Amino acid sequence: MIQLKHLNKVFTQKDSSFQAVSDVSLNIHQGDVFGIIGFSGAGKSTLLRMINLLERPDSGEVIINGQALLDLPKKQLLTTRKSIGMIFQHFNLLTNRTALENIELPLEFAGVSKAERRKRALASLEIVDLLEKKEAYPSQLSGGQKQRIAIARAIVTQPTILLCDEPTSAVDPQTKESILHYLSKINQTLGITIVIVTHEMQLVHKICNRVAVMEQGEVIEEFDLSKPIHQPVKSIISKLLLNDLNTQLKEAV
């Protein structure tokens, strides 16, 4: 379980400051596919990066499975971070390494033996159905294939949590469906809790079971998408979200 308690983050530039995250508290349950949605500048990515402390909050608490991350000594924090994978918007693959070697990279940093690295990297490639591309370099891969390699790299450490920062924004609409398929597969078959930051309504509808709406650094609403939603909404993005959801429900009847 992920518990975020009263998180705050202010960025200061020269003589000005900007409150990126303001008093945010969330509970994300084990096995959730939890969406964080909002317009550009809402604070979504900053909040996501606080979960593994890539961005340290100015105040508040980040608790993962009962451990308060901000209280952990550096060595223990590094160990805990191994249980949190992350997928970025722009793949971040090393151009001089093959797909398989890119996937092995976090295991190299962790000091895992070569034989074990190779075994686990091949298993991750199999999950995203790209075994035939194991010797390919990033320049030989499509955008969707690069993102699938990035997914395989993120799960090769066998995390319990997977953080996704706009995972489909750099690919075409057809490829988005493929990326969502593999994220759902990972959630359902491996039991990994997934937290997705996005501004895309369709992604939320297709993969998330719960969602938080952010506006100007605050979480203003939360919805359980597995249940009918009758509560009044506060923001334009919530109205769009629920209008799209109601349309999908009508089409399914």
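Since the structure is predicted, the reported quantities are computational estimates derived from the model, not experimental observations.
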Any side-chain to backbone donor/acceptor pair from [X] onto [Y]? Under 3.5 Å, distance only.
| X | Y | answer |
| --- | --- | --- |
| Asn102 | Leu94 | yes |
| Lys9 | Arg56 | yes |
| Ser17 | Phe11 | no |

According to salt bridge (Lys or Arg N to Asp or Glu O under 4.0 Å), does anything in residues 27-54 pair up with another residue at least two apart or in another chain? List the pairs.
Asp32-Arg210

Are [X] and [Y] in one and the same hydrophobic cluster, where Ile, Leu, Val, Met, Phe, Trp and Tyr link if side-chain heavy atoms are under 4.5 Å apart?
| X | Y | value |
| --- | --- | --- |
| Leu26 | Val195 | yes |
| Leu131 | Leu93 | yes |
| Leu100 | Tyr182 | yes |
| Met214 | Val204 | no |
| Phe91 | Met86 | no |

Just wondering, do [Y] and [X] contact through their side chains at under 4.5 Å, heavy atoms?
| X | Y | value |
| --- | --- | --- |
| Glu222 | Phe34 | yes |
| Lys185 | Asp129 | yes |
| Gln19 | Asn8 | yes |
| Leu190 | Ile127 | yes |
| Lys176 | Glu200 | yes |
| Glu104 | Arg118 | yes |
| Gln158 | Arg120 | yes |
| Ile192 | Asn187 | no |

For residues [X] and [Y], report the shortest heavy-atom separation together with the two atoms involved.
| X | Y | result |
| --- | --- | --- |
| Arg153 | Asn92 | NH1-O, 2.8 Å |
| Glu135 | Thr98 | O-CG2, 3.6 Å |
| Thr95 | Tyr137 | O-CD2, 3.6 Å |

CD (Glu132) with more than 12 external heavy atoms under 6.0 Å
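Counting neighbours around CD of Glu132, more than 12 heavy atoms of other residues, nucleotides or ligands fall under 6.0 Å, so yes.
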
When you look at CD of Gln30, are more than 12 heavy atoms from neighbouring residues, nucleotides or ligands closer to it than 6.0 Å?
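Count not over threshold, so no.
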
Roughly how far apart are [X] [atom1] and [Y] [atom2], rounded to 0.5 Å?
| X | Y | atom1 | atom2 | result |
| --- | --- | --- | --- | --- |
| Leu183 | Gln188 | CG | CD | 11.0 Å |
| Leu7 | Met50 | CG | CE | 5.5 Å |
| His205 | Leu225 | NE2 | CG | 7.0 Å |
| Thr12 | Asp58 | OG1 | CG | 8.0 Å |
| Gln147 | Phe88 | CD | CZ | 10.5 Å |
| Ser124 | Ile149 | OG | CD1 | 10.0 Å |

Which of these passes side chain to side chain contact (heavy atoms under 4.5 Å, CB included) with Leu4: Asn27, Val219, Val21, Ile51?
Ile51

According to side chain to side chain contact (heavy atoms under 4.5 Å, CB included), who are the partners of Asp71, at least two apart in sequence or on a separate chain?
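Ala68.
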
